[in-house]
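Chain letters run A, B, ... following the sequence lines, proteins first and then strands; every chain starts at 1.
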Protein chains: 2
Amino acid sequence: MATYRKAPTRKDVAQLAGVSETIVSYVLNNNRYVAKDKRERVLEAVRQLQYRPNNIARALKGKRTNHILFICDNISNEYFGRLVEEMDRISYEKGFLISLLRGRNDDQFVSQVISRVFDGIVISSTSFEERHVVEIINSGVPVVLLMNREYDSVGDRASKIYTGLQNGVRDCVTLLAGQGRKHIVYIDRVSQNHRYSTLDDWRYNGFITQMQECGFKVTKDNVVVGYESEEQLYEGFRLRLQNGLKVDGIVGRNDSLACTAMTAAMSVGLRVPEDVAVIGFDNSRLCSYISPRLSSVELNKPAIAAEILNAFEHMLAGQGPVEKRLQAQLIEREST
Amino acid sequence: MATYRKAPTRKDVAQLAGVSETIVSYVLNNNRYVAKDKRERVLEAVRQLQYRPNNIARALKGKRTNHILFICDNISNEYFGRLVEEMDRISYEKGFLISLLRGRNDDQFVSQVISRVFDGIVISSTSFEERHVVEIINSGVPVVLLMNREYDSVGDRASKIYTGLQNGVRDCVTLLAGQGRKHIVYIDRVSQNHRYSTLDDWRYNGFITQMQECGFKVTKDNVVVGYESEEQLYEGFRLRLQNGLKVDGIVGRNDSLACTAMTAAMSVGLRVPEDVAVIGFDNSRLCSYISPRLSSVELNKPAIAAEILNAFEHMLAGQGPVEKRLQAQLIEREST
DNA sequence: GTGAAAGCGCTAACAA
DNA sequence: TTGTTAGCGCTTTCAC
């Protein structure tokens with residue numbers, strides 16, 4: 001518990017109110033009729049002692065914790081914050097707390113998360129290993145997966161929400177191709193431990209697929225990958241452009257990467273959107289601040305949030321996991 | 001508990017290993033000598049069942065939860081994400097989980113947070129009411145306050161960390177004044193429920209104080225306040241500029257607000273930094289993306305993170321709260 | 001070396 | 001209407 005001083009318990013309340021502990025429970029949970037005077041004495045004692053029922057003890061008895069955990073790769077990414085905000089907006093009145101946690105790729109992390117006991121866990125991660133996801137599911141906690149990528153062995157043991165990444169990235173390629181762009185590149189994520197996208201990643205996969213459908217041959221030159229940081233990406237991409245890499249369209253895995261690539265392109269004299277068009281993902285505040293303002297794929301955060309919570313409701317009611325497919329929307333601004 | 005399926009308990013492990021439950025505890029906590037063969041059988045059973053001790057039950061017995069909660073106003077703010085990342089980096093190996101939660105200004109929120117039982121709670125909020133802070137402290141959980149503002153009634157019952165806001169904002173004013181700027185404005189926060197800064201807010205306070213020290217008379221015109229959203233701020237500030245408000249220096253409460261104000265200023269033909277210089281707070285990624293690149297006050301996130309964790313260590317060891325004052329650093333870029 | 005048993009704060013079935 | 005009691009999963013004392 002690690003409380004620093006002793007918190008009052010139900011016993012203290014019962015004593016002060018001169019009733020049995022059960023009565024206190026009944027009053028607080030409001031699930032039994034209790035004589036009016038006793039009820040009032042209990043409530044008064046609660047007030048006086050500033051008593052709050054210990055959620056952890058209730059959870060031990062099989063009740064809800066009212067706490068949902070959102071695990072992501074990058075907690076300082078605006079997108080996750082906004083999504084959690086949406087979830088919070090919807091579920092707060094129902095009494096839920098939703099907290100955001102950065103995922104770690106090891107067993108200690110998994111153990112900690114499982115053993116802390118949440119009502120539900122949402123996982124939106126590209127780098128979190130599938131075996132860890134499975135371990136969490138196996139622990140019995142309801143899991144909602146944001147399908148940034150495909151999983152082999154999860155099956156229908158978790159809810160799955162497709163956020164629209166796939167149609168989003170396809171729309172990007174289609175738009176650029178429709179403008180007659182011939183040298184479209186995809187900016188993959190930066191990663192300090194060299195975990196780059198594979199074909200089970202929906203953005204990457206969608207890009208490759210749609211490029212081919214639009215009649216392009218996809219080569220190494222169409223995927224900008226391998227950098228450890230955005231600074232490295234900036235320098236590296238810049239160098240490649242200077243060395244003659246032809247690019248007239250850029251699709252960034254997120255807005256930040258798109259911006260970095262755009263900045264690099266402009267720094268070697270390319271005009272946006274005349275020489276090169278740029279599109280990001282997430283439609284973050286950044287898009288409107290920079291110049292030229294960035295076109296971006298907007299994932300429908302309110303819908304995603306609602307579907308996540310809906311999935312948990314289903315699962316907590318014992319109705320099993322759900323699967324849902326949402327659409328993303330390309331928002332055009334000055335960069336295309 | 002709301003587990004969706006039944007998680008294995010210590011009892012299951014004991015049965016499978018053919019030992020008593022106590023032995024399982026001894027092995028897992030590593031606090032008693034256990035015969036080698038039994039120890040091995042236990043570990044094997046743990047592996048087989050994928051058993052994870054229930055942290056919540058341990059917490060009930062007075063042990064740590066290994067979970068620290070960070071409460072902020074705005075979870076999609078890059079600053080908090082980065083700060084929590086820093087904390088995570090330092091404390092992860094010690095076994096701590098740090099999750100980020102948006103604060104709500106009501107009693108239900110306070111109750112939820114208290115009753116969920118954390119080892120420590122960090123509060124960095126400008127709008128979270130002091131009485132709620134006090135309630136949390138009263139519950140007995142160790143609290144670390146990031147002193148964005150002053151509190152009247154907390155005293156030394158919580159650790160306090162001054163992040164450098166005050167010297168930061170003073171440095172801004174000094175710099176602008178030193179450039180001969182005469183019409184410096186402070187961009188206060190936007191708020192949907194009209195909770196704007198008062199003099200107990202260190203940024204606001206520091207601005208007013210330093211303006212006066214620099215010999216300026218501070219009027220309504222020096223504080224841009226009262227907007228509900230950044231869009232409103234943009235339109236409102238723009239209008240005021242068009243209507244003749246004189247501004248040659250802008251200090252934004254954070255980078256985002258500074259950017260919005262800067263964009264508004266540029267949209268009415270003001271040149272940055274020639275006609276108007278702009279400084280933000282937080283030194284976020286945004287600063288380097290926009291043009292002109294934004295000068296900003298960098299709070300020393302690694303130091304803040306370290307001090308927060310250090311404070312918890314103190315408090316958890318029963319050594320009482322600590323107080324620490326850190327310095328912020330003004331980073332100059334193209335906007336000044 | 002090991003295990004029985006008490007108890008953390010709470011819920012709810014059961015009895016009165 | 002109320003109280004007694006068992007038990008959630010765990011730690012730890014105490015006795016063997």
A:Ile23 has its side chain closest, among D:dC10, D:dG9, D:dG3, to D:dG3
Are side-chain N/O atoms of B:Asn66 and A:Arg116 paired as donor and acceptor at under 3.5 Å? no
Base, sugar-phosphate or nothing for B:Thr22? Non-hydrogen atoms, less than 4.0 Å. base
Examine D:dG9: is either OP1 or OP2 under 4.0 Å from a nitrogen or oxygen in the side chain of B:Lys6? Give yes or no. yes
Where does the angle between the aromatic ring planes of A:Phe109 and B:Tyr92 fall among parallel (under 30°), tilted (30 to 60°) and perpendicular (over 60°)? tilted
I want to check one thing: is the phosphate of C:dA12, taken as OP1 and OP2, less than 4.0 Å away from some side-chain N or O of A:Lys63? yes
Can you tell me how far P of C:dG9 sits from CD1 of B:Ile114, to the nearest Å? 16 Å
Kindly say if A:Asn54 contacts the phosphate of C:dC8, meaning a side-chain N or O under 4.0 Å from OP1 or OP2. no
Please determine whether a side-chain nitrogen or oxygen atom of B:Lys38 lies at a distance below 4.0 Å from atom OP1 or OP2 of C:dT2. yes
Side-chain donor/acceptor of A:Tyr26 to base of D:dG3, under 3.5 Å: yes
Quickly, which of A:Glu307, A:Glu150, A:Lys324 forms a side-chain hydrogen bond (donor to acceptor under 3.5 Å, both in side chains) with A:Tyr162? Name it, please. A:Glu150
note: B:Glu21, atom CD; D:dG7, atom P; distance rounded to Å ~ 13 Å
Measure from CZ on B:Arg116 to P on C:dG9 and round the result to the nearest Å. 17 Å
A:Tyr33 atom OH is separated from D:dT2 atom C1', nearest whole Å, by 13 Å
Rounded to whole angstrom units, what separation is found between the CG atom of B:Asn29 and the P atom of D:dG9? 17 Å
Please report the distance, rounded to the nearest Å, between CG in A:Leu49 and P in C:dG9. 14 Å
Nearest-nucleotide comparison on DNA chain C, the residue closer to the 5′ end among A:Lys11 and A:Arg32: A:Lys11
Using a 4.0 Å heavy-atom cut-off, does A:Val34 contact any base of the nucleic acid, only the sugar-phosphate backbone, or nothing at all? sugar-phosphate
Please state how far atom CG in A:Leu60 lies from atom P in C:dG7, giving the value in whole angstrom units. 17 Å
Run the side chain to side chain donor-acceptor pair (under 3.5 Å) test on B:Asn148 and B:Thr126 for me, step by step, so that the C-alpha distance in whole Å, both residues' side-chain angles and the decisive distance to 0.1 Å come before the verdict. CA-CA 6 Å; B:Asn148 307 319; B:Thr126 23; 5.3 Å; no
What nucleic acid atoms does A:Ser25 come within less than 4.0 Å of, heavy atoms only: base, sugar-phosphate, or nothing? base
To the nearest Å, give me how far apart CG (A:Asp12) and P (C:dG9) are. 8 Å
Does any donor-acceptor pair link the side chain of A:Lys61 with the base of D:dG7 at a separation under 3.5 Å? yes
Between B:Asp88 and A:Arg104, does any side-chain N to carboxylate O distance fall below 4.0 Å? yes
